[in-house]
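Have a look at the structure below, then the notes.
What you see below is based on every heavy atom in this structure, not just the backbone, and it leaves out hydrogens, waters and symmetry mates. Reminder, nothing fancy here: chain letters follow the sequence lines and each chain counts from 1.
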Amino acid sequence: MPELPEVETTRRGILPHIKNHSVKQVVVRNRQLRWPIPASLAKQLENEKILDVERRGKYLLLITARGSIIIHLGMSGSLRITDSKTPAEKHDHLDIVFSNGNILRYRDPRKFGCVLWTGKDPGQHKLLKKLGPEPLSDDFNADYFVHACAGRKQAIKQLVMNSQIVPGVGNIYANEALFMAGIHPKRAAGKISAARLDKLVQAIKQVLARAITQGGTTLRDFTQAEGQPGYFAQELQVYGRAGQACPNCQQTIRQTVLGQRSAFYCAHCQK
DNA sequence: AGTGCGGCCTGTCCGC
DNA sequence: TGCGGACAGGCCGCAC
């Protein structure tokens with residue numbers, strides 16, 4: 001489900017409700033996610049205060065003085081702020097209950113996500129250590145990206161979706177950014193000019209930033225921490241629009257499979 | 001080192 | 001209505 005804008009929207013939504021609040025109780029209903037929720041989580045969090053909520057790529061980090069909770073929402077995960085009057089539903093695997101009565105509730109029907117604990121710098125955790133530079137930071141720039149693409153035979157879309165190159169860009173925004181930059185998703189990354197890669201870098205930044213201001217993209221079930229949908233879906237140019245007219249040239253948008261994922265593109269506008 | 005996939009799991013939708 | 005199959009916002013870990 002969630003790509004960087006949805007994760008960032010979630011971060012902003014939960015932050016004011018849990019920052020500087022202490023954990024009263026941890027309720028695990030099902031620890032069998034992609035990796036098991038550690039049995040020690042409750043003990044580690046007991047009476048700990050959440051000092052901040054950070055994001056790295058698609059990972060959320062709940063920072064305490066003793067360590068950090070690492071959360072990934074996988075394909076279908078979500079976090080909600082709720083309270084004890086709201087009963088947990090089928091796929092609500094974890095509650096973090098705060099002393100002020102707020103509950104941070106983790107739901108993930110497909111269980112592709114994870115909730116982990118690290119006592120060290122979370123940036124050194126195996127899952128975060130190899131992530132590329134944050135796409136909205138200055139470290140993600142044309143120089144970096146041209147270097148990262150040099151000599152690569154892989155399709156550019158697959159590199160854009162590779163978290164070691166640039167984290168946070170999933171299938172929706174990869175398709176949209178390539179359309180904005182006028183680059184065909186199957187073009188070999190190493191054979192694209194620096195000027196066009198620069199354009200792609202700018203497109204990635206632009207589409208992510210715009211989606212964040214719109215509260216993310218709601219396709220099926222994504223909602224913000226308090227239940228509102230995201231409004232970026234209405235701005236999608238190619239994703240999910242196979243058979244429809246390209247907004248730029250009116251030719252038919254095509255769909256193909258690339259690296260086991262759907263690619264949407266306009267063969268006239270993207271070369 | 002780079003590349004390509006299998007697999008993890010549930011829900012929904014489509015065609016028959 | 002029921003059923004099988006395809007597909008879905010991710011990505012690790014393995015084989016080559």
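- Atom CG in Leu33(A) sits about 17 Å away from atom P in dG10(C), given to the nearest Å.
- For Phe112(A) and dC8(B), the ring-to-base geometry satisfies the stacking test (centroid distance below 5.5 Å, interplanar angle below 30°).
- A donor-acceptor pair shorter than 3.5 Å cannot be found between the side chains of Thr9(A) and Gln224(A).
- dG10(C) atom C1' lies 10 Å from atom CG of Asn171(A), rounded to whole Å.
- Atom CG of Asn20(A) has more than 12 neighbouring heavy atoms from other residues, nucleotides or ligands inside a 6.0 Å radius.
- Distance, Leu258(A) CG to dC5(B) P: 11 Å, rounded to whole Å.
- Residues Glu235(A) and Gln214(A) have side chains that bring a donor and an acceptor to within less than 3.5 angstrom of each other.
- Lys130(A) comes within contact range of no nucleotide atom at all, as no heavy-atom separation falls under 4.0 Å.
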Give DNA chain C the dot-bracket treatment, 5' to 3': Watson-Crick (N1-N3 with N6-O4 or O6-N4) or G-U (N1-O2, O6-N3) under 3.5 Å, [ ] crossing, | other strand. .|||||||.|||||||
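- One interatomic measurement links the two molecules: CD1 of Ile172(A) to C1' of dG9(C), which rounds to 5 Å at whole-angstrom precision.
- Regarding His147(A), its NE2 atom lies at a distance of 13 Å from the C1' atom of dA1(B), rounded to whole Å.
- Counting non-hydrogen atoms of neighbouring residues, nucleotides and ligands closer than 6.0 angstrom, the CZ atom of Arg196(A) exceeds 12 such neighbours.
- If you check the side chains of Ser76(A) and Asp108(A), you find a donor sitting under 3.5 Å from an acceptor.
- Here Lys90(A) does not reach the OP1 or OP2 of dT10(B): none of its side-chain N or O atoms lies under 4.0 Å away.
- Atom NZ of Lys157(A) is separated from atom P of dT3(B) by 16 Å (rounded to the nearest Å).
- Between the P atoms of dC5(B) and dC7(C), the separation comes to 15 Å (whole Å).
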Counting primed atoms, P, OP1 and OP2 as sugar-phosphate and everything else as base, the B/S/- map of nucleotides 11-16 of chain C against protein heavy atoms under 4.0 Å is BBS---
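- Contact annotation: Gln154(A) reaches the phosphate of dG4(B) (side-chain N/O to OP1 or OP2, under 4.0 Å).
- Straight-line distance from the CZ atom of Arg31(A) to the C1' atom of dC9(B): 19 Å, rounded to whole Å.
- As rounded to the nearest Å, dC9(B) and dC3(C) have P atoms that lie 24 Å from one another.
- Considering only heavy atoms from C-beta on, Thr256(A) comes within 4.5 Å of Tyr265(A) through its side chain.
- For the residue pair Asn171(A)/Lys157(A), the side-chain donor-acceptor check at 3.5 Å is satisfied.
- Atom CZ of Arg254(A) has 12 or fewer neighbouring heavy atoms from other residues, nucleotides or ligands inside a 6.0 Å radius.
- Ion pairing between a basic and an acidic side chain is recognised when a charged N comes within 4.0 Å of a carboxylate O; Arg56(A) and Glu134(A) show such pairing.
- Among the protein residues, Tyr173(A) comes within range of no part of the nucleic acid, since none of its heavy atoms lies under 4.0 Å from any strand.
- Residue-environment remark: NZ (Lys205(A)) exceeds the threshold of 12 foreign heavy atoms within 6.0 Å.
- Here Lys111(A) reaches the OP1 or OP2 of dT10(B): one of its side-chain N or O atoms lies under 4.0 Å away.
- Atom C1' of nucleotide dC9(B) and atom NE2 of His91(A) are separated by 9 Å, given to the nearest angstrom.
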